[in-house]
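Remarks on the structure that follows.
Just the heavy atoms: all of them, side chains too, but no hydrogens, waters or symmetry mates, feed the values below.
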Amino acid sequence: MAGSVLGVVLQLQQSALWNWAAYAGLVAGALAGWFVQHALRSPVRGFLPMALLLGAIGGAGLAGLRATAYADGALSPALEGQDVQVVGVVAQMPQRGEGMVRFTFEVESAEPPNVPRRISLGWYAEGSGPWGRAGAVDAPGPVHAGERWRMTVRLRAPHGNLNPHGFDQELRLWEQGVQATGYVRTGARDPRPERVAVTWTHPVERLREAVRDAVLERVTDPRPAGVIAALVTGDQNAIDSLIKLSSQLSMLHSPTDKSWAGLQPRNWA
């Protein structure tokens with residue numbers, strides 16, 4: 001175990017990836033060495049250093065294979081900013097906001113091809129979104145987990161802000177296997193997004209979405225509704241809102257805040 005962890009750490013120091021065959025060779029070499037060591041029945045003194053070395057070689061090889069496979073599925077730079085028609089399934093419960101809905105989409109087919117398997121999409125209402133795109137004709141559709149949709153999108157490679165000791169959006173997308181982000185095209189000249197079918201895939205996400213929507217429908221006050229939805233379903237959108245609210249309150253009531261300190265009663269003694 002220690003050897004494999006060491007191998008992963010060493011592989012992460014690489015400035016550029018090797019060809020996948022080189023990493024496959026490392027894994028094969030580690031397995032061959034392990035069988036030879038057991039066949040020779042090495043003494044205990046030689047066993048531990050050799051096991052550490054073979055574990056490091058195997059760990060580096062496996063990490064490199066995973067990295068090359070992930071890199072091969074990245075979005076082609078030629079497709080960034082281009083209209084792409086995709087067909088796929090909503091893979092997670094959508095996150096709804098003011099005038100928009102964001103969801104993870106598993107691509108089944110695309111034209112042009114070579115689109116990453118897992119992408120994150122935003123669907124904006126008319127006049128909303130970061131650029132207030134004029135000419136949008138559709139409000140965000142009633143997208144639900146497990147539905148198959150056909151839509152035209154524009155994609156780009158994942159990017160996100162990173163503040164010191166803060167949230168790393170790009171790392172989060174990497175952990176989720178999301179290799180492109182973008183938005184649904186709903187202009188007057190774009191084909192209308194079309195729900196193709198309701199599938200039975202992602203049943204857990206469908207259940208989570210149903211429970212969250214039931215909570216938000218029955219609890220009128222949005223603040224406790226967000227708390228309940230976050231605790232029961234792990235709705236990331238509600239959790240992010242709670243964290244933001246908590247941060248604002250902690251800053252407001254912090255003793256080091258000069259504006260708050262100015263309101264403290266003076267000691268006239």
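To the nearest 0.5 Å, atom OG1 of residue Thr68 and atom CG of residue Asn19 are 8.0 Å apart. A distance of 9.0 Å separates OG1 in Thr181 from CG in Leu75, rounded to the nearest 0.5 Å. If you take CZ on Arg192 and OG1 on Thr152, they are separated by 12.0 Å, rounding to the nearest 0.5 Å.
Between Trp18 and Tyr23, the ring-plane angle classifies as parallel under the 30° and 60° cut-offs.
Arg208 and Asp213 are not joined by a salt bridge, as no carboxylate oxygen comes within less than 4.0 angstrom of a charged side-chain nitrogen. Contact check on Glu80 versus Arg156 returns no salt bridge, with no Lys/Arg side-chain nitrogen under 4.0 Å from an Asp/Glu carboxylate oxygen.
Inter-residue side-chain proximity for Val115 and Leu79 is flagged as met; some heavy-atom pair is nearer than 4.5 Å. Residues Val153 and Tyr183 fail the side-chain proximity criterion, which asks for heavy atoms closer than 4.5 Å. At a threshold of 4.5 Å between non-hydrogen side-chain atoms, the residues Asp83 and Arg185 count as touching. Using a 4.5 Å heavy-atom cutoff, the side chains of Ile228 and Thr233 are not in contact. Within the 4.5 Å cutoff, side-chain heavy atoms of Gln92 are placed close to those of Arg118. With contacts defined as side-chain heavy-atom distances shorter than 4.5 Å, the pair Phe105/Val89 does not qualify. Side-chain contact between Pro116 and Val107 is absent, with no heavy atoms from C-beta onward closer than 4.5 Å.
Counting only N and O atoms by type, the side chains of Glu147 and Trp149 include a donor and acceptor under 3.5 Å apart. Side-chain contact of Ser120 with Arg102: a donor-acceptor pair under 3.5 Å is present, judged by distance alone.
Across every non-hydrogen atom of Leu216 and Ala229, the tightest pair is CD2-CB, 4.5 Å. Closest approach of Pro158 and Val178 over heavy atoms only: CG-O, 3.6 Å. Smallest separation of non-hydrogen atoms from Gly73 and Gln179: O-OE1, 3.1 Å. When all heavy atoms of Gly59 and Val8 are compared, the pair lying nearest together is O-CG2, 3.7 Å. Here the closest heavy-atom approach between residue Val84 and residue Pro112 is recorded as CG1-O, 4.0 Å. Considering every non-hydrogen atom in both Val143 and Pro94, the closest pair reads O-CG, 3.2 Å.
The salt bridge (Lys or Arg N to Asp or Glu O under 4.0 Å) search around Arg206 returns none, not counting sequence neighbours.
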Pair Leu62-Val27, side-chain contact (heavy atoms from CB on, under 4.5 Å): steps then yes or no: CA-CA 7 Å; Leu62 290 174; Val27 175; 4.0 Å; yes
message: Run Glu209 and His144 through side-chain hydrogen bond (donor to acceptor under 3.5 Å, both in side chains) and show every step you take.
response: CA-CA 8 Å; Glu209 182 183 359; His144 302 288; 2.7 Å; yes
- prompt: Would Val232 and Val211 count as a side-chain contact (heavy atoms from CB on, under 4.5 Å) if you check the C-alpha gap in whole Å, the side-chain angles of each, and the deciding distance to 0.1 Å?
  reply: CA-CA 8 Å; Val232 174; Val211 173; 3.7 Å; yes
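Sorted by first then second residue, the side-chain hydrogen bond (donor to acceptor under 3.5 Å, both in side chains) pairs that include residues 107-117, not counting sequence neighbours, are Glu108-Arg148.
Formation of a donor-acceptor pair under 3.5 Å by the Glu205 side chain with backbone atoms of Met93 is found in this model. The main-chain N or O of Pro142 is found under 3.5 Å from a side-chain atom of Arg195 such that the two form a donor-acceptor pair.
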